[in-house]
Amino acid sequence: MATFWMLFFIFYFELLLKTGHCTETSGQVLSITPNTQEQVEVLRNVSTQYQTGLWKPASPHNIKELTQVHLYVPANSSETVRNLLQRHGITHEVMLSNADEIIEMQMRNESGDPRSGSTFYQRYHNLEDIYEWINRTAHENPTTVKAILIGSSYQKRPLYALKLSLNNKPNKKAMWIDCGIHAREWISPAFCLIFVQYSLSFYKLNSDITQILDNMDIYVLPVMNPDGYKYTWTKDRMWRKNRSPTNGTSCIGVDLNRNFDANWCTKGASPDPCSEIYCGAFPESEPESQAVANFLRSNKDIIQIYLTIHSYSQMLLIPYSCTMDEADNHSELYEMVKQAAENIRRYYRNVYTYGAGAKTIYLAPGGSDDWAHNLGIKYSFTFELQDRGRYGFLLPPSYIQGASNEALIALKTIALKVIEKTQPAAGSPQDV
Ligand code: DDK
Ligand code: ZN
């Protein structure tokens with residue numbers, strides 16, 4: 001018995017050492033709120049000059065007084081950063097103390113522990129598995145699903161969109177959904193997979209999805225930025241941009257959500273290739289954004305709804321993000337996201353904020369939603385899924401289903417509203 005206790009204490013002492021505050025053994029995510037302009041400057045410096053990863057906002061320029069900053073600090077910079085914050089009287093909270101452990105866990109569960117009980121859709125999947133899933137889904141549903149090659153990435157990976165067409169009604173309109181513009185937002189591709197699976201399984205069982213699919217085809221691009229996504233699984237979990245190089249610098253990647261032709265590269269984007277919000281050399285300079293833009297241009301007469309899925313912060317956004325101006329149909333769009341947020345709150349007791357991008361988060365020119373809106377796809381939306389910062393980009397797999405359910409009900413609310421407005425004959429029961 002004595003040996004047992006001795007072993008216990010040795011073990012416990014080691015544990016204490018590992019979790020002790022002197023030397024961090026894991027990267028952490030800190031929540032920091034600057035109170036003064038000076039503190040804002042210090043934070044901007046910390047996030048650019050030290051080995052840290054800025055989670056929120058996307059770029060140091062958007063750091064402002066009295067607004068939370070979420071910063072990933074790797075173990076080896078922990079002491080330096082803490083000292084710096086302390087010297088400037090900046091207080092912080094530890095949001096996630098074991099970030100590295102979570103990263104490791106989320107990558108490990110890939111092929112699935114058969115004893116873990118969670119199914120395919122409750123896990124994150126690497127790029128190869130997603131390609132395999134796309135193939136399998138198209139093959140197993142030959143009459144209702146088609147894989148359409150819309151282009152390829154900088155590293156020549158194919159960009160497949162799945163076309164869901166559940167009945168043969170002629171002249172159907174369509175909705176477009178893309179996921180995974182930003183590499184580290186893993187919940188986004190996970191949602192696209194769940195959405196396709198849900199549509200195929202619940203057509204004719206759930207009245208909302210049945211009504212939607214009876215009246216429109218749905219195009220789903222599960223991973224718009226495959227090169228970046230691959231990179232988050234192999235090299236850097238926090239990568240955001242694509243992986244295309246720029247001449248004259250070793251900095252890699254363009255922010256695909258700043259690369260579209262909507263007030264391109266104005267305030268809220270950066271011409272610096274090293275920035276997380278680098279706009280690229282010119283609008284649609286990137287093969288990924290060009291592929292999506294080309295597809296939408298060729299199909300703009302049938303596509304009524306554009307939806308792009310991001311994370312995190314729980315927001316339902318409408319144009320514009322590229323200017324403070326309101327969209328021509330602002331009140332119509334606003335009413336839709338308001339209802340969608342209300343439904344999320346009613347069914348899942350979770351809070352989503354909503355409104356025009358520029359006013360709700362920050363100016364973000366060159367985005368796909370604003371561009372699609374200007375192209376004539378008037379019902380254009382960006383969803384920012386869970387969470388609000390607790391896990392941020394490292395949302396655990398056990399949250400995938402819940403986060404997707406929320407996005408699904410918002411999507412249904414909007415799609416049904418659009419059908420009711422634009423295809424009244426097919427609409428609600430009272431019209432029949
Ligand atoms: O691209 C961003 O910074 C966020 C998603 Se992470 C969205 C900004 C608003 C929508 C811009 N089209
Ligand atoms: Zn994003």
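Note that ligands are numbered from 1 as they come in the structure, with each ligand's atoms numbered from 1 the same way. When a residue number appears, it is its place in the shown sequence, counting from 1.
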Visitor: Measure from NZ or CZ of Arg136 to the centre of the six-membered ring of Phe120 and say whether it is under 6.0 Å with the direction within 45° of the ring axis.
Guide: yes
Visitor: Ignoring hydrogens and geometry beyond distance, is a side-chain donor-acceptor pair present between Gln314 and Gln386 at under 3.5 Å?
Guide: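 Their side chains do not contain a donor-acceptor pair, so the 3.5 Å distance test is not met.
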Visitor: If the cut-off is 4.0 Å to any non-hydrogen atom of Arg258, which atoms of ligand 1 fall inside it?
Guide: 1 (O), 2 (C), 3 (O)
Visitor: Specify side chain, backbone, both or neither for Glu276, according to which of its non-hydrogen atoms lie closer than 4.0 Å to ligand 1.
Guide: neither
Visitor: Using a distance-only test with no angle check, is there a side-chain donor-acceptor pair under 3.5 angstrom linking Asp178 and Thr308?
Guide: yes
Visitor: Is the closest heavy-atom distance from Ile361 to ligand 1 below 4.0 Å?
Guide: yes
Visitor: Do Ser368 and ligand 1 have an N or O pair less than 3.5 Å apart?
Guide: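 No - when backbone and side-chain N and O of Ser368 are compared with those of ligand 1, no distance drops under 3.5 Å.
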Visitor: Give the numbers and elements of all ligand 1 atoms closer than 4.0 Å to a heavy atom of Gly367.
Guide: 12 (N)
Visitor: For the residue pair Asn135 and Tyr160, confirm or rule out a side-chain donor-acceptor distance under 3.5 Å.
Guide: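 No - no donor-acceptor pair under 3.5 Å links their side chains.
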Visitor: So, Asn329 and Tyr334: side-chain donor and acceptor under 3.5 Å apart, yes or no?
Guide: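 No pair is found: no donor N or O on one side chain lies under 3.5 Å from an acceptor on the other.
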Visitor: Heavy-atom contacts with Glu384 under 4.0 Å: which atoms of ligand 1 show up? List them by number with element.
Guide: 4 (C), 5 (C), 6 (Se)
Visitor: Could you walk me through whether Asp255 and Arg240 pass the salt bridge (charged side-chain N to carboxylate O under 4.0 Å, His left out) test, one step at a time?
Guide: CA-CA 7 Å; Asp255 183 347; Arg240 167 178 165 99; 2.6 Å; yes
Visitor: Looking at Tyr362, which atoms of ligand 1 are within less than 4.0 Å of one of its heavy atoms?
Guide: 2 (C), 3 (O), 4 (C)
Visitor: Taking disulfide (SG to SG under 2.5 Å) as the cut-off, I'd like each qualifying pair that reaches into residues 276-361, sequence neighbours left out, listed once.
Guide: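 Every pair satisfying disulfide (SG to SG under 2.5 Å) with a residue in residues 276-361: Cys265-Cys279.
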Visitor: Between the side chains of Lys417 and Glu420, is the shortest nitrogen-to-carboxylate-oxygen separation below 4.0 Å, so that they form an ion pair?
Guide: yes
Visitor: Taking 4.0 angstrom as the limit, do Arg44 and Glu41 come out as a salt bridge?
Guide: yes
Visitor: Any sub-3.5 Å donor-acceptor pair from Gln106's side-chain atoms to Leu395's backbone N or O?
Guide: yes
Visitor: To check your reading of the model: name the closest protein heavy atom to atom 12 (N) of ligand 1, its residue, and the distance in Å.
Guide: Asp369 OD1, 2.5 Å
Visitor: Compare Gly357, Ser380, Ser321 and give the one whose heavy atom is closest to atom 9 (C) of ligand 1.
Guide: Ser321
Visitor: Restricting to under 2.8 Å, identify the protein N, O or S atoms around the Zn ion (ligand 2) as residue plus atom.
Guide: His182 ND1, Glu185 OE1, Glu185 OE2, His310 ND1
Visitor: With a 4.0 Å cut-off on N to O distance, would you call Glu288 and Arg157 a salt bridge?
Guide: no
Visitor: Tell me the protein heavy atom at minimum distance from atom 6 (Se) of ligand 1, and give that distance in Å.
Guide: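 For atom 6 (Se) of ligand 1, the nearest protein heavy atom is Glu185 OE2, 3.2 Å.
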Visitor: Using a distance-only test with no angle check, is there a side-chain donor-acceptor pair under 3.5 angstrom linking Asp217 and Ser165?
Guide: yes
Visitor: Only heavy atoms of Asn257, strictly under 4.0 Å: list the atoms of ligand 1 that pass.
Guide: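 Those qualifying, in numeric order: 1 (O), 2 (C), 7 (C), 11 (C), 12 (N).
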Visitor: Can you list the ligand 1 atoms lying under 4.0 Å from a non-hydrogen atom of His182?
Guide: 1 (O), 6 (Se)
